[in-house]
Amino acid sequence: MQKDISTIWHGLPSDIVSKVERCVAAGCAKKSHSGDIYIFFRADDIAVPGQQFAHLLEVFSQNRVPLCLAVVPAWLTRQRWRALKNVAQKTASRWCWHQHGWRHINHEIEGKKQEFGPARSRADLEHDIRRGRQRLENLLGKSFHPVFTPPWNRCDQKTLDLLKEMDYAAISRSRGSKPPPPTGLLNFDVNVDLHTRKEKRPGVGWDNLFTDLQQAIGSGRCGIMIHHQRMNKAAFDFLDILLQALKRQKTLQLVHFKEYTASQ
Ligand SMILES: [Zn+2]
């Protein structure tokens, strides 16, 4: 099913290749602290195989860039996993399959959408985290890596404490998400959104995207969020251009969560 496409993907600026190059180079030049610059890509809402999914993996594979895949446990069946694995195995890149909530539904009566928010009891949250993990461990086996991406990039303190107790390596939300994770649970926040941008005017959207990307690279920690169901040809073309530009910068460390965990 094709979902809403952000306005920027109605067409690419004519000088997009040089714009991306300049943005990436400026981010590298601006880096404010010593040490390496880490970049990861996180694709959300994974479970259903299809052309968009296969195309996404192909772009990462062709550019030899790793990708973190946030899988919705309740959407995954043995048959679907077989199909996803089949696509992934044909490719040369590195994948990090991890947990995206339980069934991606909202439980909050008011305020922003959350599956793991304050409206729920600790016992209910624990139940959903556990059965999500069990299902993924059961289907994915050793391919599963214990990182938790809450749907809509939000969760409450109870969830963070539970993840720590259950020995998850990290949580991945949006930049500056509150509350902060407890000590011992790493924070792999995304700070660049490619496909759920809300700007009404494409020009504003492009300006904001380049600003976000440059700042994220400059901070030394760049997490880029992908929604493959919302990608059209322009979005796929841009992704390819971006991956090529990142690969050309030898100072950048393109990692997935497992490698990122090991480096922290
Ligand atoms: Zn999601």
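Owing to the predicted nature of the structure, the values given are computational and were not obtained by experimental measurement. Atoms within each ligand, like the ligands themselves, are counted from 1 in listed order.
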Novice: Check this for me: does any side-chain nitrogen of one of Arg103 and Glu115 sit under 4.0 Å from a carboxylate oxygen of the other?
Specialist: no
Novice: Of the options Phe188, Tyr260, Phe257, which is the one that meets Tyr38 in a ring pair (Phe, Tyr, Trp, His ring centres under 6.0 Å)?
Specialist: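 Filter result, single survivor: Tyr260.
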Novice: When you measure from the side chain of Asn191 to the backbone of Cys222, do you find a donor-acceptor pair of N or O atoms at a distance under 3.5 Å?
Specialist: no
Novice: Taking the Zn ion (ligand 1) as the reference point, name the nearest N/O/S atom of His104.
Specialist: NE2
Novice: Tell me which N, O or S atom of Asp45 sits nearest to the Zn ion (ligand 1).
Specialist: OD1
Novice: Does the Arg122 side chain pair with the main chain of Lys158, one donor and one acceptor, at a distance under 3.5 Å?
Specialist: no
Novice: Got a sec: is His100 within less than 2.8 Å of the Zn ion (ligand 1) via an N/O/S atom?
Specialist: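 Here the distance criterion (N, O or S atom, under 2.8 Å) is met by His100, so yes.
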